[in-house]
Structure formats: structure tokens, C-alpha cells
Number of protein chains: 2
Amino acid sequence: MSAEMHKKIRVILADDHPVVRDGLAAMVNQQPDMEVVAEAGDGDTAITLFEERKPDVMVLDLRMPKRDGLAVVQRVMEINPKARLLVMTTYDGDEDIFQCLSHGAKGYILKDAPRQEILSAIRAVSEDRPYTSSTVAAKALQRMAKPSLTERELDVLELVAQGRSNKDIARRLSITEGTAKTHVKSILTKLDAISRTEAVAVAHKRGLIRL
Amino acid sequence: MSAEMHKKIRVILADDHPVVRDGLAAMVNQQPDMEVVAEAGDGDTAITLFEERKPDVMVLDLRMPKRDGLAVVQRVMEINPKARLLVMTTYDGDEDIFQCLSHGAKGYILKDAPRQEILSAIRAVSEDRPYTSSTVAAKALQRMAKPSLTERELDVLELVAQGRSNKDIARRLSITEGTAKTHVKSILTKLDAISRTEAVAVAHKRGLIRL
DNA sequence: TTCCGCCTCTCTCTATCGGGAGAGGTTCGC
DNA sequence: GCGAACCTCTCCCGATAGAGAGAGGCGGAA
């Protein structure tokens with residue numbers, strides 16, 4: 001504990017891969033101005049730990065068991081609108097970036113980023129400064145120009161992505177085949193796709209659907 | 001250098017995420033019986049480093065720039081059939097597992113595995129003992145019962161997954177639409193799918209296609 | 001050589017898909 | 001109260017997809 005040290009940045013890590021947590025923890029704890037105060041392997045414990053430890057920053061993976069990163073962002077911002085969250089993930093789809101940032105995450109960074117960039121991001125977010133690399137920011141802006149799908153359309157899209165026919169989709173959603181077609185047509189228009197299969201490809205690339 | 005130490009297990013890490021390499025390196029170097037002798041961020045340097053350093057084990061990620069994990073497995077086994085490779089990845093699709101193991105990887109482990117399991121796997125593979133968790137092994141066995149797609153079918157499947165029509169696929173592959181249909185039909189049969197969109201979903205789950 | 005798997009092509013036929021154009025009902029916010 | 005967006009339903013119609021049944025050529029393996 002040196003004299004010039006004021007207070008370390010207190011960090012919580014939330015990622016379901018022990019290896020990634022170890023890597024981040026090692027990086028962070030090596031810095032004189034920051035320390036890891038807790039680690040979570042799933043979304044629920046991330047939320048609990050955030051409330052208990054009130055860290056300066058929480059680093060969040062998007063894909064996690066129990067509750068995914070986006071859900072954690074929503075819940076935590078609800079509990080504490082001043083929370084400083086840095087999303088760190090491998091997914092660079094428009095939708096993920098857009099959703100996280102518009103729900104209040106202060107930063108979004110990709111896992112293949114170099115060590116220095118990750119540390120810079122943590123520092124920035126801890127001071128309540130937004131951090132987003134130019135490529136990520138560009139995607140968020142792109143996304144803003146695109147039409148959003150409605151909830152129902154997302155329901156339909158999911159079934160389309162599973163390879164269901166319009167008739168099948170209609171049965172599962174308790175609507176007529178005609179209505180299912182209407183939704184699919186609207187999805188095709190919004191995603192600028194010619195066929196349902198292309199729509200699935202586009203939706204996948206944008207991060208509108210998982211798996 | 002203590003007296004009871006004979007020789008440490010020399011490990012190379014190949015993963016495009018600096019964070020993951022750090023995490024693994026920290027774990028490995030903390031063990032008295034192993035050490036990291038090199039790290040690679042892409043497939044090409046993984047191969048080069050393997051030849052130069054001749055490690056006891058190389059831990060390989062599947063998704064890497066320049067050359068993916070499977071390609072590295074193939075090339076390294078070609079250079080040195082006695083190579084001991086441990087594939088470590090987030091993908092648990094039949095196809096990835098099957099391909100890696102049948103091309104000679106000694107182990108396959110998922111990134112969300114606990115620390116101890118990862119270390120056990122590295123030790124096992126370093127001694128030329130195969131390591132595969134029961135769930136992973138089960139998938140490899142499942143895959144063996146399934147028909148393989150031919151090269152041409154994989155070409156077609158990729159285009160189908162992009163949302164191309166039969167006509168479009170035919171044009172791109174310089175075949176007639178009828179032939180494209182024949183391939184698609186055969187793909188549907190082999191993947192046990194009713195529609196092309198379902199085929200894409202199945203192929204994706206199995207790891208037959210990326211993105 | 002003979003067989004077999006793969007790739008190619010052809011034909012027919014039906015179901016499904018996707019474009020186009022409405023229209024009635026709801027629940028919002030203004 | 002009045003749009004506006006959303007969900008629902010309805011028609012028509014041409015294009016595409018998928019099932020079924022062959023068949024020829026070409027390569028490698030037995």
C-alpha cells in the first residue's frame with residue numbers, strides 16, 4: 001500500500017469461462033490502480049454481486065448462463081442508473097452493440113482486443129467516460145438507420161430460423177397461416193432479404209437471433 | 001530449479017484472444033510441472049512455433065485468423081504425426097469434434113471447463129493419453145452414425161446458408177439449376193431436414209458451417 | 001475389369017413461398 | 001379524439017422449392 005495510492009478502481013468480472021476470468025483478473029490485478037473484487041460465472045450472480053459490492057466497473061460477457069449480458073445490463077441499470085458497465089464479448093453484431101449501449105452500458109469492447117485497449121476501456125468506464133472503439137461505434141450508428149423488428153416479428157423470426165414452415169409457425173403461435181405470411185413478409189422487407197433463408201443469414205449476422 | 005524437478009511439460013498456446021492466452025498462461029505457469037514456451041495469435045504462427053519449439057503439447061483454439069484450428073491440426077499432424085494437440089474451444093458441434101479427433105488431435109475440451117479439468121487435459125495429452133470429456137466423446141460417437149456430406153454438397157450448403165436460390169447457386173457453381181436441386185435434395189436427406197432453412201439450422205448446430 | 005460413390009443432367013408434379021393490396025381491431029401517445 | 005404502430009385476417013398470382021424417378025460419365029478401389 002504505497003502513499004501515492006488514493007483508491008483503486010474496484011472491478012467485478014462476469015464471464016462464464018474460468019479461463020477468461022483468470023486472464024482478465026491477472027491483467028487487472030497487475031495494474032497498480034485497479035483490483036478485482038469479485039467474479040461471477042453467470043448473470044444472476046453478477047447482479048447479486050453488483051448490489052453487494054457496488055464496484056466502480058463491472059465487465060460483462062454477453063453470452064452467460066441463467067441471464068445473458070443484455071439482461072444483466074437492463075436489470076443493473078434499473079437498480080442503479082449510475083452503474084458503470086463495460087460489455088466485453090466476441091459478438092460484434094449491430095444488434096448486440098446497439099441494445100447494450102442504448103440500455104446504458106458505458107462501453108463495448110471485443111474479446112480479441114489487445115491488453116492495453118481492454119485496460120483503457122476499464123479505466124474510461126470507471127470514470128464514467130464512454131468507451132467504444134471506432135468500428136464498434138460505427139456498427140451502432142449503422143444499426144440506428146435500420147428498422148427494428150416488432151416483438152411478434154422476432155417470435156416469427158425465431159421459428160423461421162428453426163426451419164419451420166409458415167403453416168407450422170401459424171400453429172405454434174395460434175394465428176392463421178396468412179398472418180404468419182404477413183409477418184414473414186414484413187421481416188423480409190425490414191431485413192432487406194429476398195427469401196426466408198437469406199433473412200435468417202442476415203438476422204444471424206446482425207445478432208438478432210442466437211443459434 | 002528444484003532437485004526433484006525432472007522436466008516440465010512444455011506448452012504452446014494458440015488462441016486469438018490475448019485475454020484467453022493470459023488466463024491459460026497464468027494457470028499453466030502456476031503449475032510446478034508445466035510451463036508455457038510460446039504463444040500464437042493465429043494459425044500460421046501456431047504452425048511455425050510448433051516446428052521451432054517442438055513443445056510437448058499445443059493448446060489450440062478452433063476459431064483463429066489466417067488458418068483455423070482444424071487446418072492447424074491437419075498441417076501439424078502431417079509434419080509430425082506424433083504431435084500432441086489439445087483443441088480447446090467454445091464450439092461443441094459434432095462436426096468440429098469429429099473432424100479434430102479424426103485428424104489426430106489427442107484431446108478436445110470446452111472453454112467453459114473448470115480450471116482443474118483443463119490442467120488434467122493438458123497433462124493427459126502431454127503423456128500421449130487421449131482426453132475427452134464424456135459429453136464431448138458422446139457427440140463424436142453420434143456424429144459417426146451420421147452420413148457425411150460430399151465436398152460439392154458442402155459448397156452448395158454454404159450458398160444455401162447465405163440465402164441463395166437454387167438458380168443463383170447454379171450460376172455461381174456453373175452447373176444447371178436441376179443439379180443444384182439434386183444436391184440440395186441430397187443435403188436435406190442427409191441432414192434429415194424438410195426445408196433448406198431447417199437444413200441450415202441443423203448444419204449450424206452440428207458445426208458444418210460457420211457464420 | 002467391375003463395382004461404387006460422386007457429380008452431372010433431365011423430366012414431371014404439387015406444395016409452399018413471396019409480392020401486392022387491402023382492411024378491421026387493438027393499444028398507445030398526443 | 002385522433003393518428004400511428006401493431007397484430008390480425010383476407011384475396012390473388014407468379015415464382016420457387018422439394019418429392020420422385022431416372023440416367024450417363026468419371027474416378028478410385030477391389
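Residue numbers begin at 1 in each chain, while the letters A, B, ... track the order of the sequences. Computation of the quantities below employed the complete heavy-atom set of this structure, encompassing side-chain atoms and omitting hydrogens, waters and symmetry-equivalent molecules.
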Student: Where the side chain of A:Val184 is concerned, which of D:dC6, C:dG18, C:dC6 is the nearest nucleotide?
Tutor: C:dG18

Student: Atom CD1 of A:Ile187 and atom P of C:dC17: how far apart are they, to the nearest Å?
Tutor: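 It is 13 Å, rounded to the nearest whole Å.
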
Student: Over how many whole Å does the gap from A:Leu191 atom CG to C:dG19 atom C1' extend?
Tutor: 17 Å

Student: Looking at A:Asp56 and A:Lys8, does any basic side-chain N land under 4.0 Å from a carboxylate oxygen?
Tutor: no

Student: In whole angstrom, what separates B:Glu151's CD from C:dT8's P?
Tutor: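 Answer to the nearest Å: 11 Å.
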
Student: If you only use heavy atoms from C-beta on, which nucleotide in C:dC7, D:dA19, C:dT16 is closest to the side chain of B:Leu188?
Tutor: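 Of C:dC7, D:dA19, C:dT16, D:dA19 is nearest to the side chain of B:Leu188.
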
Student: Please say which of A:Arg210, A:Arg143, A:Arg206, A:Lys139 ends up in a side chain to side chain donor-acceptor pair (under 3.5 Å) with A:Asp96.
Tutor: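 Option passing the side chain to side chain donor-acceptor pair (under 3.5 Å) with A:Asp96: A:Arg210.
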
Student: Within this structure, what is the NZ-CG distance for the pair A:Lys54 and A:Asn80, rounded to the nearest 0.5 Å?
Tutor: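 Result: 7.0 Å between the selected atoms.
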
Student: Evaluate the criterion side-chain contact (heavy atoms from CB on, under 4.5 Å) for residue pair B:Leu86 and B:Ile109; output intermediate values, then yes/no.
Tutor: CA-CA 7 Å; B:Leu86 172 61; B:Ile109 195 171; 4.1 Å; yes

Student: Could you state the atom-to-atom distance from CZ of B:Arg164 to P of D:dT16 in whole Å?
Tutor: 15 Å

Student: Just verifying a value: how many Å separate B:Ile118 CD1 and B:Met27 CE, rounded to the nearest 0.5 Å?
Tutor: 4.5 Å

Student: Grab the CD1-C1' distance between B:Ile169 and D:dA17 for me, whole Å please.
Tutor: 11 Å

Student: Does A:Arg63 come within less than 4.0 Å of A:Asp68, counting only side-chain N to carboxylate O?
Tutor: no

Student: Output one line per pair: protein atom, nucleotide atom from nucleotides 27-30 of chain D, and distance, for all N/O pairs under 3.5 Å.
Tutor:
none

Student: Where do N or O atoms of nucleotides 10-15 of chain C meet protein N or O atoms at under 3.5 Å, pair by pair?
Tutor:
none

Student: Can we say B:Arg67 and B:Asp42 salt-bridge, meaning some charged N sits less than 4.0 Å from an Asp/Glu carboxylate O?
Tutor: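 Not counted as a salt bridge, because no side-chain N and carboxylate O are separated by less than 4.0 Å.
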
Student: Give the intermediate values and the outcome of salt bridge (charged side-chain N to carboxylate O under 4.0 Å, His left out) for residues A:Asp16 and B:Lys111.
Tutor: CA-CA 9 Å; A:Asp16 59 331; B:Lys111 273 190 184 165; over 6 Å; no

Student: Taking CG from B:Asp168 and C1' from D:dA17, how many angstroms apart are they, rounded to a whole number?
Tutor: 15 Å

Student: Which listed nucleotide (C:dT8, D:dG18, D:dT16) is nearest to the side chain of B:Arg152?
Tutor: C:dT8

Student: If you check every side-chain atom of B:Arg196, which of C:dT16, C:dC7, D:dG18 has the closest atom?
Tutor: D:dG18

Student: For A:His183 and C:dG18, what is the distance between atoms NE2 and P respectively, to the nearest whole Å?
Tutor: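 Going from A:His183 (NE2) to C:dG18 (P), I get 15 Å.
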
Student: Taking only side-chain nitrogens and oxygens of B:Asn166, does any of them come within less than 4.0 Å of OP1 or OP2 of D:dT16?
Tutor: no

Student: What is the distance, to the nearest angstrom, from the CG atom on A:Asp192 to the C1' atom on C:dG18?
Tutor: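 So the two atoms are 15 Å apart, to the nearest Å.
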
Student: Do A:Leu191 and A:Glu198 have side chains that get closer than 4.5 Å, going by heavy atoms?
Tutor: no

